[in-house]
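Throughout, protein chains are lettered first and strands after them, A, B, ... in sequence-line order, and every chain is numbered starting at 1. Note that these values count all heavy atoms, side chains included, but never hydrogens, waters or copies made by symmetry. None of the values given here were measured: they were computed from a predicted structure.
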Amino acid sequence: MGASAPGAAFELKGRMATLSVLRVLNADTNAVLVQLDARLAQAPGFFDGMPLVIAPGQSVALDTPALVALVSGLKARGLTPVAVADLSSEQAAEAGLGLLRNLDAPSPKAASARPTSDSPSAYQPTRVVTTPVRSGQQIYARGGDLVITAAVSAGAEVMADGHIHIYGSLRGRALAGVQGDVNARIFCRSLHAELVAVAGHYRLSEQMDAELIDGPVMIALQGDDLQLSAV
Amino acid sequence: MARIVVVTSGKGGVGKTTTSAAFAAGLARAGHRTAVVDFDVGLRNLDLIMGCERRVVYDFVNVINGEANLNQALIRDKRTQGLSILPASQTRDKDALTFEGVQAVLEGLAEDHDYIVCDSPAGIERGAHLAMYFADDALVVTNPEVSSVRDSDRVLGLLSSKTRRAEQGEDPVQEHLIITRYVPERVGKGEMLSVEDVGEILSIDLLGVIPESSAVLNASNSGVPVILEEQTDAGQAYDDVVARYLGQQREHRFITEKKGLFGRLFKG
Ligand SMILES: Nc1ncnc2c1ncn2[C@@H]1O[C@H](COP(=O)(O)OP(=O)(O)O)[C@@H](O)[C@H]1O
Ligand SMILES: [Mg+2]
């Protein structure tokens, strides 16, 4: 909220931000939205409000009506398209979005390229959270691991592109490997989770082994199977 | 510098106004100049519980709109020296509270008070947000049941992110838990969460447990903050709360089942 602070009313800063890119591989908007719905259903709530850049895949001709339909379809699903890339400025204007040029120029690493341990430049600092994550709050460690030294409440959501460690009780939702890293894992000291997921494979509390509840647990993918085990 | 204390919960009907009245009266009785402010625009009832509804001339919104000054609107409590009440408006719409207006009123009160107790409306909308925004301390009022605890958890999230202290990177708002309407017998039967359960979920400092008590309704019907009813269980529990807040050590009471004839005689 704005107390009447004297002086400058705003600052304009260059920031490197990581944005999710929706690469459109099919010029048929409906086909895109149908598949998207399936993906959204796997991680309910996770994509809420997520800012998106829309970019056509190679050799996909995305015309203006299709673009406009896609934008309204995305908004209807709670996503927030902010810009287009590799399209004309007229199309961007028509869709009411900004235009990003040279999207694939020096960008933060592509989603699929999870850093390997022998590439030192790929190091992403782990995000460390020392206060409780309360109901209604959401924390996303983009591009790396997440360590929480307090509790995650029911109704809270924590996510990471990498691993998640929770040194308190996990009562809310934890989603590791949200950009698709199947090797990501979740560790928690006391399992009471509403939902856990790795790379989109999820498990609801009612599907969790009662023996594991309240104990220290590791959650990892084995093939397509999400495994919960005591640690 | 006055300390601003918000009494908040998320959920309605859990005992915020009861707690605000008792806490403010307790601070004043301990010799601190205290103002208690009703933020529940449209649903004011702090003045009823404080027994001064017939003395309301101007209210919080009048002061914000410049229709009255703070001195005209503040009601000096007749029983407790050093206690004053700023009533909410009964009729105006909720947008009548503005950020700048609230800030100015709190600054005005800070000039000649030691504590300002803000009685928050329910919910997490504008009124509740304004009530907590300037706080130094928060009394989070929770009933021992799942939905109330969940709402309090949400409010704790807001206290740690949407307050002046959080936004300006100062020391965080000090959070204190008050569990109200506690019935140990029902905890024993598994119908209510225990003090331990609530404490485990919210993991903040427990300032006190107020038992479910007919004394609360009696006191509010006669317009007396229950803390002044010194013979009652709820009155004593609030007295402990104020004492602990002011730094004294007091054992927690009223948290175990009353047993036998002795217990039954003193029930309620
Ligand atoms: N400890 C208690 N024992 C019994 N009744 C209580 C207690 N605390 C509050 N109440 C009752 O609960 C109702 C709501 O209390 P109130 O303080 O107005 O809550 P809020 O301000 O949170 O809406 C009132 O009728 C009040 O008398
Ligand atoms: Mg109230």
Side-chain angles (χ1 to χ4, degrees), chain A residues 1-11 13 45 48-49 127-141 146-159 165-174 188-195 205-206 210 213-217, chain B residues 8-11 97-104 106-107 123-134 138 140 142 146-169 171-175 177 193 196-205:
Chain A
M1 274 189 283
S4 41
F10 70 88
E11 272 183 336
K13 284 188 170 172
D48 279 359
R127 174 133 178 227
V128 180
V129 174
T130 57
T131 52
V133 187
R134 303 287 184 181
S135 180
Q137 292 185 323
Q138 192 182 52
I139 289 182
Y140 179 18
L146 176 60
V147 171
I148 298 171
T149 61
V152 176
S153 294
E157 188 166 62
V158 296
M159 297 172 294
H165 307 252
I166 301 165
Y167 296 98
S169 45
L170 168 58
R171 296 172 186 279
R173 300 149 61 96
C188 68
R189 189 143 96 178
S190 172
L191 180 76
H192 295 272
E194 294 166 329
L195 176 149
S205 61
E206 58 191 24
I213 302 302
D214 204 26
V217 169
Chain B
T8 182
S9 73
K11 200 171 159 69
L97 293 187
T98 61
F99 179 78
E100 288 75 14
V102 169
Q103 185 173 33
L106 293 179
E107 278 168 4
I124 52 175
E125 306 304 323
R126 184 187 179 81
H129 185 204
L130 284 171
M132 73 167 63
Y133 187 78
F134 299 96
V140 178
T142 305
V146 173
S147 69
S148 174
V149 172
R150 173 73 71 97
D151 284 358
S152 293
D153 192 61
R154 222 166 225 282
V155 159
L156 285 163
L158 299 179
L159 285 167
S160 64
S161 58
K162 297 280 160 57
T163 49
R164 183 186 59 84
R165 282 178 173 269
E167 286 181 4
Q168 305 196 348
D171 289 342
V173 177
Q174 290 204 12
E175 304 157 340
L177 177 61
L193 296 176
E196 292 74 27
D197 293 337
V198 179
E200 223 264 309
I201 296 172
L202 296 180
S203 54
I204 57 170
D205 155 62

Let me know if B:L202 has heavy atoms under 4.5 Å from chain A in its side chain, its backbone, both or neither.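 It is both, since atoms from each part get that close.
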What part of B:S161 lies closer than 4.5 angstrom to a heavy atom of chain A: side chain, backbone, both or neither?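 Side chain only.
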Using side chain to side chain contact (heavy atoms under 4.5 Å, CB included) as the criterion, list what pairs up with B:E200, not counting sequence neighbours.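 If we apply the side chain to side chain contact (heavy atoms under 4.5 Å, CB included) test to B:E200, skipping adjacent residues, the hits are A:S169, A:R171.
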B:G157 backbone acceptor or donor facing A:Q137 side chain under 3.5 Å: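 Yes, because the side chain of A:Q137 sits within donor-acceptor range (under 3.5 Å) of the backbone of B:G157.
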Do you know which of A:A151, A:A150, A:S153 has the most heavy-atom pairs under 4.5 Å to chain B?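 Answer, by heavy-atom pair count under 4.5 Å with chain B: A:S153.
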Heavy-atom side-chain proximity of B:H129 to B:I124 below 4.5 angstrom: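 No - every pair of side-chain heavy atoms lies 4.5 Å or more apart.
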For a 4.5 angstrom cut-off between non-hydrogen side-chain atoms, does B:D197 reach B:V149?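 Counting from C-beta outward, B:D197 and B:V149 never come under 4.5 Å.
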